[in-house]
Amino acid sequence: MENLISLVNKIQQACTALGDHGEESALPTLWDSLPAIAVVGGQSSGKSSVLESIVGKDFLPRGAGIVTRRPLLLQLHKIDDGQREYAEFLHLPKKKFTDFAAVRQEISDETDRETGKTKQVSTVPIHLSIYSPNVVNLTMIDLPGLTKVAVDGQHESVVQDIENMVRSFIEKPNCIILAISPANQDLATSDAIKISWQTHKTLVIRHCIPG
């Protein structure tokens, strides 16, 4: 199983480098055939808190409005006890990050490089690998949070753009959905639960306090 996960990780890296990252296409792509866990939630639903709890590090940008504006392909690699944990970005292959505050900043900077420092969203993923003795070998895709209104500086289409992006990932046949909903929200009104159920596929729910 470990060898299989490692192989899938390498294929995902190759797909990302070659520009195959799950966008709508008239033809089947290799990315579409790979297994994936997509993390879905509304704005301020606690997605960042859940992912950081899994990793054991604060490494995701925080702030008001739509903070996650590009898919984040997060690959976790378990290393031996005693080894120093670090992170690597696919777009910076020769640089190891041991300061996870710098990881957070690089995610923000790389997002701005693609979107031109606007508040718009992009389907081009950021590929981040984290090596730590405190994680399990796992790959997840953190998607922009579902929203109902555009904020200042965003086009009105951003609401539908995000929904279309989320659907393009979760509707793939080999995708498992990790739907995040705040503990103080009625599940019946959760956008993450609603869009997940519409796919008629496997659904995993983590009920958490927003963070």
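Note that the coordinates shown come from a computational prediction; the quantities given were computed from them, not determined experimentally.
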What's the verdict on side chain to side chain contact (heavy atoms under 4.5 Å, CB included) for Asp112 and Arg69, showing C-alpha distance, side-chain angles and the deciding distance?
CA-CA 9 Å; Asp112 290 342; Arg69 291 183 284 116; 3.1 Å; yes
Straight-line distance of Phe89 CZ to Ile107 CD1, nearest 0.5 Å:
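Result: 4.5 Å between the selected atoms.
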To the nearest 0.5 Å, tell me how far Leu178 CG sits from Leu51 CG.
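It is 7.5 Å, given to the nearest 0.5 Å.
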Main-chain N/O of [Y] paired to [X] side chain as donor or acceptor, under 3.5 Å:
X	Y	result
Gln120	Val158	no
Arg70	Ser122	no
Arg104	Asp58	yes

Let me see the working for Lys57 and Val103 under side chain to side chain contact (heavy atoms under 4.5 Å, CB included), right down to the final yes or no.
CA-CA 10 Å; Lys57 291 288 184 180; Val103 172; over 6 Å; no
Check [X] against [Y] and note the closest heavy-atom contact, atom names and distance.
X	Y	result
Ser129	His127	OG-CE1, 3.7 Å
Arg84	Ile79	O-CD1, 3.7 Å
Ala87	Leu128	CB-CD1, 3.9 Å

Any idea how Tyr131 and Tyr86 line up, ring-wise: parallel (<30°), tilted (30 to 60°), or perpendicular (>60°)?
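Tyr131 vs Tyr86 ring planes: parallel.
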Is there a side chain to side chain contact (heavy atoms under 4.5 Å, CB included) between Val39 and Leu74 once you walk through the steps?
CA-CA 11 Å; Val39 185; Leu74 176 63; over 6 Å; no
Stepwise, does the side chain to side chain contact (heavy atoms under 4.5 Å, CB included) test hold for Glu88 with His77?
CA-CA 11 Å; Glu88 288 182 335; His77 305 266; over 6 Å; no
